[in-house]
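Each residue takes its place number in the sequence, starting with 1. Side chains included, hydrogens not; waters and symmetry mates left out as well; all remaining heavy atoms used.
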Amino acid sequence: MTAELDLDALAGLVQPLDAEASAATRQRLDSLARSPDALGRLDELTVWLAGAQGSAPPRDPDRARVVVFAGEHGVAYAGVSAYPPEATAWMFQLANAGGSAVSSLARTVGASSRLLDLSVDASTPEELQTYKVRRGSGRIDQEDALTLAEAQTAFRNGIAIADEEVDGGA
C-alpha cells in the first residue's frame with residue numbers, strides 16, 4: 001500500500017459541478033421567504049445536487065439510496081460521548097432491523113437503504129462486514145482513530161461502495 005492517497009488520480013474521477021446550475025439554485029433558495037438556513041444543510045445539498053446534475057432546480061433522484069457506514073468512536077470509552085460505547089451495537093442492530101431514524105426517513109422518501117459495518121466494536125452479521133476496516137477505532141486521546149493504511153483502506157472502500165451503488169442503479 002502506498003504511503004499517501006493519489007489525490008490527483010482520484011480528482012480525475014470526479015466531474016466538476018455545473019457552476020451555473022448551482023448559482024441559479026442558490027439564487028432561487030435565497031429568494032424564498034424564510035429565515036436563512038431554516039432547513040439546515042438541505043440548502044447546501046440542494047445546491048450541490050443542482051451542480052452535480054447540471055439542472056436548476058435539481059431533479060428528484062430516480063433511485064435514491066441511503067448508505068450507512070457504521071463505526072465506533074473509540075474515544076467514547078473515555079466517557080466523553082452522549083452515549084456509552086455499547087450504544088453503537090444497539091443502534092446497528094436497530095438499523096439492521098429497519099427501526100432506526102435513518103431507516104424511517106429513507107422509507108418516507110422512497111429511498112432504499114444499505115447498512116455496512118466498517119468499524120463497529122461488536123459482533124455484526126458477516127454479510128455486512130464486507131468492507132470492515134477494523135473492529136472499533138482508536139481512542140483519539142491516546143492514539144490515531146485509524147492508521148494511515150486503515151484510512152486509505154476506508155477511502156478506497158468508500159469508492160468501491162459508491163461504484164457498487166451506481167452500478168446497481170442508484
Any donor-acceptor N/O pair, E72 side chain to D121 backbone, under 3.5 Å: yes

Test item: D43 and R26 side chains (from C-beta on) under 4.5 Å apart, heavy atoms: yes

Heavy-atom side-chain proximity of Q129 to V120 below 4.5 angstrom: no

Straight-line distance of E126 CD to D117 CG, nearest 0.5 Å: 11.0 Å

Considering all heavy atoms, the nearest A21-S55 contact: CB-N, 3.6 Å

From N157 atom CG to L118 atom CG, the distance as rounded to the nearest 0.5 Å: 6.0 Å

In one Ile/Leu/Val/Met/Phe/Trp/Tyr side-chain cluster, 4.5 Å: V47, L32: yes

Same cluster (ILVMFWY, side-chain, under 4.5 Å), F69 and Y131: yes

NE2-CD1 distance between H73 and I140, expressed to the nearest 0.5 angstrom: 9.5 Å

Donor-acceptor pair between S119 and R134 side chains, under 3.5 angstrom: no

Atom CD of E20 with >12 non-hydrogen neighbours under 6.0 angstrom: no

Stepwise side-chain contact (heavy atoms from CB on, under 4.5 Å) check, S137 with E143: CA-CA 9 Å; S137 68; E143 62 182 319; over 6 Å; no

Atom of T88, atom of G71 and distance for their closest heavy-atom approach: CG2-O, 3.7 Å

Side chains of Q93 and S100 in contact at under 4.5 Å (non-hydrogen atoms): no

Sequence-distant partners of V80, side chain to side chain contact (heavy atoms under 4.5 Å, CB included), two or more places apart: V75, A78

Shared hydrophobic cluster, M91 / V102 (ILVMFWY, side-chain heavy atoms < 4.5 Å): no

Heavy-atom check, side chain of R34 versus side chain of L29, under 4.5 Å: yes

Validation row: T25, P58 side chains within 4.5 angstrom (heavy atoms): yes

Distance (rounded to the nearest 0.5 Å) between F92 CZ and N96 CG: 5.5 Å

Gap between atom CZ of R28 and atom CG of D30 - 0.5 Å precision: 11.0 Å

Sidechain-backbone polar pair: Q53 side chain, R59 backbone, donor-acceptor under 3.5 Å: yes

Atom CG of D167: over 12 foreign heavy atoms under 6.0 Å: yes

Side chain to side chain, E150 and D144, heavy atoms closer than 4.5 Å: no

Distance (rounded to the nearest 0.5 Å) between L42 CG and T46 OG1: 6.0 Å

R107 side chain to G98 backbone, donor-acceptor under 3.5 Å: yes

